[in-house]
**Student:** 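Have a look at the structure that comes next, please.
In this chain, numbering begins with 1 at the start of the sequence shown. Both backbone and side-chain heavy atoms feed into the values below; hydrogens, waters and symmetry mates do not.
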Amino acid sequence: LARHKRTASFHARKYHGLRESEAHKKIKALIEASLVADPQFSEVKSERQWRSKRDPKSRRQPDVQASSPIGQIAFEAQLSTTFLDVVVERRSFYRDEGALLIWVMGRFDPDYRRMTTDDLLFSNNSNIFVVDDETRQISEDQSRLHLRCHYRVPDRSGESLTDRWESRIVPFDDLTCDLESQRAWYFDYEGKAAAIRAEIENDVRERKRA
């Protein structure tokens, strides 16, 4: 119990410090401004407490939250190391609420990834979302929320699967959102990779029959 309290206290100090950072304030403001620009989002709130409908004692405080045509959405800024257990716990909370959790980064470099970034990447169908000054401007100009999406694209190389990275700015409407798995993606990496693997397996079988 004592160890759990020490861990909880450490997490609280860590995330309190993160919220107070200038980088965190900026990305939070970018998310909020992008949502306000899109009329399909309403009740946009920053750093407001979210009380569980099932358990009033259970609560979270997402960076930004809003109502949308697909339901309530919580946006969390990912700027530093995030503990995997925190990621899993937050996903569970919002899934129980019938809401969707979207992790957003301030920047992303495929060649320089932290382990916790990979945790988000591979559990989100290999899609990473970024909000920056350019995406905010596009959101405001078009009155439609846009995100920069970095995603892996699988390719076939002989009988092996290789990956390459692509990036584009996309409207939120173009994302596939899955409340049950708490995932959202623009490019279906898993589906494409499965199709390529099936193609390779079929070619191998055909060659053995020849």
Side-chain angles (χ1 to χ4, degrees), residues 18 21-35 37-38 41 62-66 68 70 73-84 86-88 90-91 94 99-142 144-157 160-197:
L18 176 61
S21 73
E22 289 304 313
H24 188 96
K25 290 178 181 178
K26 179 177 180 179
I27 189 173
K28 184 175 64 176
L30 289 172
I31 294 171
E32 185 175 10
S34 300
L35 287 167
D38 190 333
F41 291 94
D63 291 318
V64 184
Q65 58 182 286
S68 77
I70 65 171
I73 302 179
F75 294 84
E76 290 282 8
Q78 164 64 21
L79 297 175
S80 184
T81 301
T82 299
F83 296 98
L84 182 57
V86 173
V87 174
V88 172
R90 290 188 188 183
R91 279 181 167 155
Y94 290 110
L100 178 67
L101 172 61
I102 300 287
W103 291 90
V104 181
M105 301 184 70
R107 61 183 297 274
F108 177 71
D109 183 353
D111 295 326
Y112 181 70
R113 304 201 310 261
R114 296 182 298 271
M115 182 180 298
T116 48
T117 301
D118 278 350
D119 289 335
L120 295 178
L121 172 68
F122 296 117
S123 62
N124 202 47
N125 203 358
S126 292
N127 284 235
I128 288 287
F129 300 117
V130 169
V131 171
D132 53 32
D133 289 315
E134 183 180 9
T135 65
R136 187 266 307 161
Q137 188 64 57
I138 294 174
S139 296
E140 292 181 343
D141 290 344
Q142 299 188 20
R144 191 181 184 194
L145 173 62
H146 282 72
L147 303 171
R148 188 184 304 278
C149 181
H150 296 266
Y151 52 93
R152 290 194 304 160
V153 178
D155 288 315
R156 178 175 177 174
S157 178
S160 300
L161 196 68
T162 61
D163 291 334
R164 57 185 167 85
W165 282 94
E166 290 191 7
S167 173
R168 65 176 59 188
I169 296 176
V170 299
F172 187 84
D173 293 344
D174 285 358
L175 304 184
T176 297
C177 298
D178 186 340
L179 293 179
E180 181 57 33
S181 65
Q182 286 296 294
R183 303 194 303 170
W185 63 87
Y186 170 71
F187 180 78
D188 184 11
Y189 174 86
E190 293 173 357
K192 181 64 174 178
I196 293 176
R197 291 191 186 98

**Student:** Identify the two heavy atoms, one from Asn125 and one from Glu190, that lie closest to each other, and give their separation to 0.1 Å.
**Tutor:** OD1-N, 2.9 Å
**Student:** If you take all heavy atoms of Val104 and Phe75, which pair is closest and at what distance?
**Tutor:** CG2-CD2, 4.1 Å
**Student:** Classify the ring geometry between Phe187 and Tyr151 as parallel (under 30°), tilted (30 to 60°) or perpendicular (over 60°).
**Tutor:** parallel
**Student:** Ignoring hydrogens and angles, tell me if any N or O in the side chain of Asp178 forms a donor-acceptor pair with the backbone of Glu180 under 3.5 Å.
**Tutor:** yes
**Student:** As an exercise, state the distance from NE2 of His150 to CZ of Arg107, rounded to the nearest 0.5 Å.
**Tutor:** 9.0 Å
**Student:** Among Asp133, Asp132, Ile31, which residue meets the side chain to side chain contact (heavy atoms under 4.5 Å, CB included) test with Lys26?
**Tutor:** Asp133
**Student:** Donor-acceptor pair, His146 side chain versus Arg144 backbone, under 3.5 Å?
**Tutor:** yes
**Student:** What I'd like to find out is whether the side chain of Val130 reaches to under 4.5 Å of the side chain of Thr135, using heavy atoms alone.
**Tutor:** no
**Student:** Which pair of non-hydrogen atoms, one from His24 and one from Asp63, has the smallest distance, and what is that distance?
**Tutor:** NE2-OD1, 2.8 Å
**Student:** What's the separation between atom CZ in Arg148 and atom CD1 in Ile169, rounded to the nearest 0.5 Å?
**Tutor:** 4.0 Å
**Student:** Distance from Ser139 atom OG to Leu145 atom CG, nearest 0.5 Å?
**Tutor:** 5.0 Å
**Student:** Please find the pair of heavy atoms, one from Gln182 and one from Tyr94, that lie closest to each other, and give the distance.
**Tutor:** OE1-CB, 3.7 Å
**Student:** Counting C-beta onward and ignoring hydrogens, is there a side-chain heavy-atom pair between Ile73 and Phe41 closer than 4.5 Å?
**Tutor:** yes
**Student:** If you look at every heavy atom in Ser157 and Thr162, which pair is closest and at what distance?
**Tutor:** CB-CG2, 3.7 Å
**Student:** Measure the CG-CZ distance between Asn127 and Arg183 for me, rounded to the nearest 0.5 Å.
**Tutor:** 9.0 Å
**Student:** Closer than 4.0 angstrom, basic N to acidic O: yes or no for Asp163 and Arg152?
**Tutor:** yes
**Student:** Go through the structure and list residues passing side chain to side chain contact (heavy atoms under 4.5 Å, CB included) with Ala33, not counting sequence neighbours.
**Tutor:** Arg136, Glu140
**Student:** Is the distance between the ring centroids of Phe129 and Trp185 under 6.0 Å?
**Tutor:** no
**Student:** To the nearest 0.5 Å, what is the distance between CD1 on Ile27 and OG on Ser21?
**Tutor:** 10.0 Å
**Student:** What's the spacing between Leu101 CG and Cys177 SG if we round to 0.5 Å?
**Tutor:** 11.5 Å
**Student:** Between Ser181 and Arg91, does a side-chain hydrogen bond (donor to acceptor under 3.5 Å, both in side chains) hold up when you go through it step by step?
**Tutor:** CA-CA 8 Å; Ser181 65; Arg91 279 181 167 155; over 6 Å; no
**Student:** Mind listing the closest non-hydrogen atom pair of Val131 and Leu30 along with its distance?
**Tutor:** CG1-CB, 3.5 Å
